[in-house]
Every structure is written in C-alpha cells, then in structure tokens.
Chemist: 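Would you mind keeping the following structure in view while I ask a few things?
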Amino acid sequence: MISCPSHVETRHPTLPAMRFAANAVRAGAARERRPYPRTMTTPAPVPVTPSSSSRGALVLFWVLAVAGAAVMFVAWGWMATSWIDEILEEPRARAAGTTVQGTAMVVGGVPLVIAHLLGFTVLVPAARSAGASRGRAFGYAGAAIGVASLIGVLTAQFLMGSQPFVEPVFIP
C-alpha cells in the first residue's frame, strides 16, 4: 500500500490518485470509486489569441510608449537647456554677489521627474488593460519609460552638440 502524508503537498498528477486509492482501501471501499484514472495525460496547449479589446489596449500601450519617447526628448532637452543657462548665467550672478546654482534642477529637473512619473502612471493602467498582471504591468511600464528616457537623453545630447551636461570651458 502506497500512502502519502497529508501534510506533503505535491504537484505530481498520480500522487493524489494513489492517496485517494490508499484511503479508499483503508476504508474498505472498492477501487472503482477513484475519481480519475491512475495516470493522467495533459491535453495539448491551446493557443490563446487576445480578444479585440485586448489588442486595442495593447496598441494603446505601444502608442503611449512611442509618444513617451517624444515627451522624454522634450523633457531632457528642457533639462539640458536649463543646465546650460545656469552655467552661462553663473559668472554674471557671481559678479552681482549672488549665485544661480541649483536653478537647473528646479527649472529642468522637476519637470523631468514629473514627466517620468506621469508616463509611468499612464502606462501601468494601459498595460493592465492589455491583460498584463500587476507585476508585469509595472515591469512593462518601467521598461517603456526607461527606453523612452534613454532615447530622450541621447537625442537631446546629440542635438545639443553632445555636451549639454558638461560644464564648458570659458576662455576670456
């Protein structure tokens, strides 16, 4: 007689059948009362095609992700412009007895962070409506924002002469 302790949970398809059979023999019941055969076969997987509403949500996710690349380009360009402006205005501010250090982070950094957060909060529900689980939706949205941000910063650097975040050397 084969028995499996009740506290052991297994995923083997024949062990529950053996456990049921062992319990049935102990109780004096006939072996024919088994709910399923001793060996089970799994059916072939059926390909799942998304419904039309799920396809529409998936298209919406990708449209928003591609639009996010354009938004990130503008946000990173704004950050680079404010950074360059801070660097160019600092000598004038020091001559006047003050400083403008940190204004690039306020003027350019805050909108950049807001753009990232807004893109993430828009893409997570779009991914969820496309059928992704909560964890995968966060992953897909994070990956899309990361790629869009990378595209934005590289494009902004290319258009700004590859040096928007490097302090220029002034020769009087």
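Position 1 is the first residue of the sequence, and the numbers go up from there.
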Chemist: Could you state whether V153 and M105 fall into the same hydrophobic cluster, counting links through intermediate Ile, Leu, Val, Met, Phe, Trp or Tyr residues with side-chain heavy atoms under 4.5 angstrom apart?
Modeler: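 Linked, V153 and M105 end up in one cluster.
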Chemist: Nearest heavy-atom pair of E86 and G102: which atoms, and what distance?
Modeler: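 Nearest heavy atoms, E86 then G102: OE1-N, 3.4 Å.
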Chemist: Side-chain heavy atoms nearer than 4.5 Å, only ILVMFWY residues, links allowed to pass through others: does that put L123 and V71 together?
Modeler: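 As far as the 4.5 Å side-chain criterion goes, V71 and L123 are not connected within one cluster.
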Chemist: Out of curiosity, does F73 fall in the hydrophobic cluster containing V63 (side-chain heavy atoms, cut-off under 4.5 Å, transitive links)?
Modeler: no
Chemist: Please check if V66 and L154 belong to a single hydrophobic cluster, counting links between Ile, Leu, Val, Met, Phe, Trp and Tyr side chain heavy atoms closer than 4.5 Å.
Modeler: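 No, it is not one cluster - the side chains of V66 and L154 are not joined through contacts under 4.5 Å.
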Chemist: Atom OG in S133, atom CZ in F138: separation rounded to 0.5 Å?
Modeler: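 CZ of F138 is found 10.5 Å from OG of S133.
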Chemist: Heavy-atom distance under 4.5 Å between the side chains of L112 and H116, does that happen here?
Modeler: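 They are in contact (side-chain heavy atoms under 4.5 Å apart), so the answer is yes.
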Chemist: Has T155 got a side-chain atom pairing as donor or acceptor with G152's backbone, closer than 3.5 angstrom?
Modeler: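 Between the backbone of G152 and the side chain of T155 there is no qualifying donor-acceptor contact (under 3.5 Å).
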Chemist: What distance do L88 atom CG and W83 atom CH2 have between them, rounded to the nearest 0.5 Å?
Modeler: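 Reported value, rounded in 0.5 Å steps: 12.5 Å.
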Chemist: Nearest 0.5 Å please: distance from the CD1 atom of I84 over to the CE atom of M79.
Modeler: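 Rounded to the nearest 0.5 Å, the CD1-CE separation comes out at 11.0 Å.
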Chemist: Can you check whether Q157's main-chain N or O pairs, donor with acceptor, with W76's side chain at less than 3.5 Å?
Modeler: no
Chemist: Looking at every heavy atom in both S82 and G108, which two are closest together, and how far apart are they?
Modeler: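 Closest heavy-atom pair between S82 and G108: OG-CA, 3.4 Å.
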Chemist: Is there a path of hydrophobic side-chain contacts, each under 4.5 Å between heavy atoms of I, L, V, M, F, W or Y residues, that connects L118 with V124?
Modeler: no
Chemist: Is a side-chain donor or acceptor of E90 paired with a backbone partner of V100 at a separation under 3.5 angstrom?
Modeler: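 Side chain of E90 to backbone of V100, a donor-acceptor pair under 3.5 Å: yes, one is there.
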Chemist: Can you name the nearest heavy-atom pair linking F120 to G142, along with the distance?
Modeler: CE1-N, 3.6 Å
Chemist: If I compare all heavy atoms of A148 with all of A65, which pair ends up nearest, and what's the gap?
Modeler: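 Reported closest heavy-atom pair: CB-O, 4.4 Å.
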Chemist: For I145, is there any backbone N or O sitting under 3.5 Å from a side-chain donor or acceptor partner on S149?
Modeler: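 Checking the backbone N and O of I145 against the side chain of S149, no donor-acceptor pair under 3.5 Å is found.
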Chemist: Taking all heavy atoms of A156 and all of G77, pick out the closest pair and write down the distance.
Modeler: CB-N, 3.9 Å
